[in-house]
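Okay, structure first, notes after.
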Amino acid sequence: MSPVEGCPNVFQAIYDITPGNHQYKFCVDGEWRHDELQPHSTTEYGIVNIVQFNMEANYNPEMIPGSSMELDNEAFTRLVSVSDGTLTGGVPSISEADLQVSRHRISVFLTTHTAYELLPQSGKVVALDVDLPVKQAFHILFEQGISMAPLWDFSRGQFVGVLSALDFILILRELGNNGSNLTEEELDTHSISAWKEGKAYLERQIDGHVWPLPRHLIHAGPYDNLKEVALRILQYKVATVPVIHSSSEDSSFPQLLHLASLSGILKCICRYFRHCSSTLPILQLPIGAIPVGSWVPSIGEPSGCPLVMLRPSASLSSALNLLIQAQVSSIPIVDENDSLVDIYCRSDITALAKDKIYTHINLNEMTINQALQLGQDAYSSHELRSQRCQMCLRSDTLHKVMERLANPGVRRLVIVEAGSKRVEGIVTLRDIFKFLLG
């Protein structure tokens, strides 16, 4: 039996059993015992509890009044049901018709709502001058608590690209590939524009892999529908797209209004269907029954990138290399039992800007554990830090997963085993939208 997450005094174990009479007892601190307040009898195994599981109707487990045993009824009824005399465990199914109906209704909603509706009532958007030294851009992203920013070219009067945490990972890896400490002078000699110009060559050199990155700024207009925006993010494999408005026909004098993300679009979906979730049958499916996310081989077949994990003692260099090679935005950090300890994300690289840490570290010598500790210290004043390592269970419904992913700063959920926190998979915003849009 394992503790139920959020209920430290409740333990459970779920098994598939056939209709009929069954006997059971408990091993408590190494001693076999039975529940005296439940039906019991003496058999060849001593005193055992007995239960009769009928097949005539759906079983609705309830805690018997006066019993000392508690049961997580919600989890039990979600995972185990009796239908047509056959007991099935853990995999509620949905018809192809219901799946298509759900996807159609989501598609209709997205095509009838625009990016303009993503704009908050108040807020700020940070843009960077393309001629800024990389070092200054590094500090700005850290100080503002953001992982990316659009780039403005004054000479052209246009937004020309985006600088992200991945750029800094590539820069630090390139400048530090000789194993020496980085210097501020090295970062001073690299302006953002110079970095962008040389990036195409560098991308072709990264482990022989040619990255399918766009050569122009991927953006959206305020009146583009949400489905177009979501598909643009998925197609170009970017985290956000700037929402830019220009009142002139030649697109001069552009105004940066917002940074559209899958999280914001998902929040709109959740808000719209919150009080009519029954119109989307797929929302009640457990996340473990849906072909989304990446899973360890013993749990399920990966539907996208294979699940990669690292130990806290691994080097920061190995983590950065893995983020690039596996083309993922985060890596679960696990102990020797594969239980979740933390998660290392691309955006964590900006924590190295505090007190100019990047100038006196060696990527090959610093461990992930040390880097995470530096991140905890650096981001102590940033609320987003608390959102970085979110967990869910395989039995959690798609509706619950979507609600949590719609929160600001949450871009993925690590699926863990109840009690042990052993990592079973990871599901991202991108995974959810690929499933919702078919």
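What you see below is based on every heavy atom in this structure, not just the backbone, and it leaves out hydrogens, waters and symmetry mates.
Taking the six-membered ring where tryptophan is involved, the planes of Phe138 and Phe168 are essentially parallel, since the angle between them stays under 30° and well short of 60°.
Screening Val416, Val410, Ile415 for a side-chain contact (heavy atoms from CB on, under 4.5 Å) with Leu413, the sole residue that qualifies is Val410. Screening Val296, Val414, Ile331, Val328 for a side-chain contact (heavy atoms from CB on, under 4.5 Å) involving Leu307 leaves a single residue, Val296.
Judged by distance alone, with hydrogens and angles left aside, the side-chain atoms of His113 form a donor-acceptor pair with the main-chain N or O of Phe109 at under 3.5 Å. Panel note: side chain Asp396, backbone Lys400; no donor-acceptor pair is recorded below 3.5 Å.
Remark: the Arg411 side chain and the Thr428 side chain contain no N/O donor-acceptor pair separated by less than 3.5 Å. Side chains of Asn337 and Ser339: a donor-acceptor N/O pair is absent below 3.5 angstrom, by distance only. Under 3.5 Å, the side chains of Ser330 and Arg412 contain a donor-acceptor pair of N or O atoms.
Geometric assessment of Arg103 against the ring of Phe435 yields a positive cation-pi assignment under the 6.0 Å and 45° thresholds.
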As a quick check of understanding, evaluate side chain to side chain contact (heavy atoms under 4.5 Å, CB included) for Ile349 and Tyr344, giving each step before the final call. CA-CA 9 Å; Ile349 196 69; Tyr344 194 84; 4.1 Å; yes
Start with the C-alpha gap between Ser155 and Asp153, add the side-chain angles, then the distance that decides, and say whether side chain to side chain donor-acceptor pair (under 3.5 Å) holds. CA-CA 6 Å; Ser155 63; Asp153 189 330; 2.5 Å; yes
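Contact between Leu405 and Ser263 at its shortest, heavy atoms only, is O-OG, 3.6 Å.
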